[in-house]
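Since the structure comes first, as structure tokens, the remarks are kept for the end.
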Amino acid sequence: MLKSLISNTRRHQFFNLLIFYSAFLWFRIFSSSVLGPYFLEQAVSLKQMILGNAWFFLTGSLWLVIIKTYSSRTAWWQAIVLSIIAILVVVRVDNLWQYYWYCILLGLGNVLFFIPYNIAHFRLTPSHRTSFSAGIMFSIFPVIAFVAPLLAGRLAEMSYLYIWYGSILFFFVAIFLVKFQSRFEYRFNFRQDLAYLKPTWLIVVLQGLWEPIVFGVIPVFTLNFITTPLAFGTYFSYLGLVAILANLFLGRLSDKLNRRLRFLIPTTILMGLGTMFLPWAANGLILWLVITGIIEFLAPLFWNFSTAYFVDRQPDHVRSMPAREWILSVSRMIGFLLVFFNF
């Protein structure tokens, strides 16, 4: 099936990119997926965790404005190095700002990794296979998110030393794979690139405002129910499992029908309805498991359809991806600040 996705000349490069993407996700998810209970033990409050997520996206958006020209390999190398530094910063937490620096460094790494990755991924994708290719990308994450938190939770239950040592090991794997990736430059021209996104900026803004639910609210508020590393990791493995279903099939189907909005609109509505039930679900663990499971099942479908729609409407990826990431970062930061001030 992958043979139909890309030509023979690009297949090897595409597989290298997917392996690199998988290694980076494994490193990031293993190293941070069960740190919620750890931060809680270190006297970081839930409200401070929400503020840390706002720092995560604020620094990413500022970095894009300040540093305008990038090389893909350099950006990937910096992203991985900043991510391991973030982990080392919180090996022993004596001050709240260590947690905030952890969020800041991961936020910079997030921007530095995913902009060139998205450019490279969709450059290697034929235009008529956009949604199927997005389905592949968004199916890798839940598979890793199913396995890595379980392993991390089991190890952290014995000692968080295993998380620190494992993170260093997986860091070296990810950094080694950088040299096998393509080298290209990309630039963020603030005014021109944002103007280029005029056809799609609204859906990107709405996506960014909603995503704090998945990236912060669900992980942080789960600590009201689950406070041990193994149980926390098991919960996130459950979310990874429900997110695996139907991504590739629905991505391929929407390619055939060429009607992204036909799938995007109802998925968005269902996701919004699920989000509205979150405050009610916070009254009990069973309700929380059901509602968050529904949201986490719909979220990758939404990301699949919305990303494919965006790529189809904005084919110049070198211009569109940095601008998209900037809008997402600012919108996510605003979303987290709204949660923080209404905590």
Report task. Output all residues satisfying side chain to side chain contact (heavy atoms under 4.5 Å, CB included) with Ala152, sequence neighbours left out; order by chain, then residue number. Result -> Phe30, Ser33, Val34, Ile163
Give a yes or no on this: more than 12 heavy atoms of other residues, nucleotides or ligands lie within 6.0 Å of atom [atom1] of [X].
X: Phe190; atom1: CZ; result: yes
X: Arg187; atom1: CZ; result: yes
X: Arg154; atom1: CZ; result: no
X: Trp55; atom1: CH2; result: no
X: Glu41; atom1: CD; result: yes
X: Met158; atom1: CE; result: yes
X: Tyr238; atom1: OH; result: yes

Quick one: does [X]'s side chain get under 4.5 Å of [Y]'s, heavy atoms only?
X: Tyr160; Y: Val91; value: no
X: Cys103; Y: Asn53; value: no
X: Leu194; Y: Trp201; value: no
X: Leu278; Y: Ile295; value: yes
X: Gln207; Y: Ser331; value: no
X: Tyr235; Y: Trp288; value: yes
X: Ile203; Y: Phe310; value: no
X: Ile84; Y: Ser167; value: yes

Requested in this report: Would you sort out whether Arg324 and Thr307 count as a side chain to side chain contact (heavy atoms under 4.5 Å, CB included), showing the intermediate values?
Outcome: CA-CA 10 Å; Arg324 174 179 179 266; Thr307 302; 3.7 Å; yes
Is it possible for you to say whether [X] and [Y] belong to one hydrophobic cluster, with membership spreading through side-chain heavy-atom contacts below 4.5 Å?
X: Ile115; Y: Leu58; value: yes
X: Leu169; Y: Ile80; value: yes
X: Leu151; Y: Leu25; value: yes
X: Ile218; Y: Val242; value: yes
X: Leu209; Y: Val330; value: yes

Counting N and O atoms only, with roles assigned by atom type, does the side chain of [X] sit under 3.5 Å from a partner on the main chain of [Y], one being a donor and the other an acceptor?
X: Gln98; Y: Val90; result: no
X: Arg73; Y: Lys179; result: yes
X: Ser83; Y: Arg28; result: no
X: Asp312; Y: Tyr309; result: no

Do the rings of [X] and [Y] sit parallel, tilted or perpendicular, given the 30° and 60° boundaries?
X: His121; Y: Tyr117; result: tilted
X: Phe113; Y: Tyr21; result: parallel
X: Tyr186; Y: Tyr70; result: parallel

Smallest separation among heavy atoms of [X] and [Y], with atom names:
X: Ser320; Y: Tyr196; answer: CB-CE2, 3.9 Å
X: Leu40; Y: Thr227; answer: CD2-CG2, 4.0 Å
X: Ala299; Y: Val214; answer: CB-CG2, 4.3 Å
X: Ala43; Y: Gln48; answer: O-OE1, 3.9 Å
X: Phe57; Y: Ser329; answer: CB-O, 3.4 Å
X: Ala79; Y: Gly109; answer: CB-O, 3.3 Å

Report task. List the steps, then state whether side chain to side chain contact (heavy atoms under 4.5 Å, CB included) holds for Phe225 with Leu289. Result -> CA-CA 10 Å; Phe225 306 105; Leu289 292 174; over 6 Å; no
For the aromatic rings, using the six-membered ring if either is Trp, is the centroid distance between [X] and [Y] under 6.0 Å?
X: Phe232; Y: Phe236; answer: yes
X: Phe215; Y: Phe56; answer: no
X: Phe20; Y: Phe180; answer: no

Rounded to the nearest 0.5 Å, how far apart are [atom1] of [X] and [atom2] of [Y]?
X: Leu82; Y: Ile87; atom1: CG; atom2: CD1; result: 12.0 Å
X: Thr59; Y: Leu106; atom1: OG1; atom2: CG; result: 9.5 Å
X: Ile213; Y: Phe221; atom1: CD1; atom2: CZ; result: 8.5 Å
X: Leu338; Y: Met333; atom1: CG; atom2: CE; result: 10.0 Å
X: Phe277; Y: Thr292; atom1: CZ; atom2: OG1; result: 14.0 Å
X: Ile144; Y: Ser139; atom1: CD1; atom2: OG; result: 11.5 Å

Query raised in the report: Could you walk me through whether Arg123 and Phe184 pass the side chain to side chain contact (heavy atoms under 4.5 Å, CB included) check?
Result: CA-CA 11 Å; Arg123 268 183 168 181; Phe184 56 87; 3.4 Å; yes
Query raised in the report: Can you check side chain to side chain contact (heavy atoms under 4.5 Å, CB included) on Ser32 and Tyr102, steps first, answer last?
Result: CA-CA 10 Å; Ser32 60; Tyr102 161 84; 3.3 Å; yes
Query raised in the report: Is the closest side-chain donor-acceptor distance between Trp77 and Gln181 under 3.5 Å?
Result: no
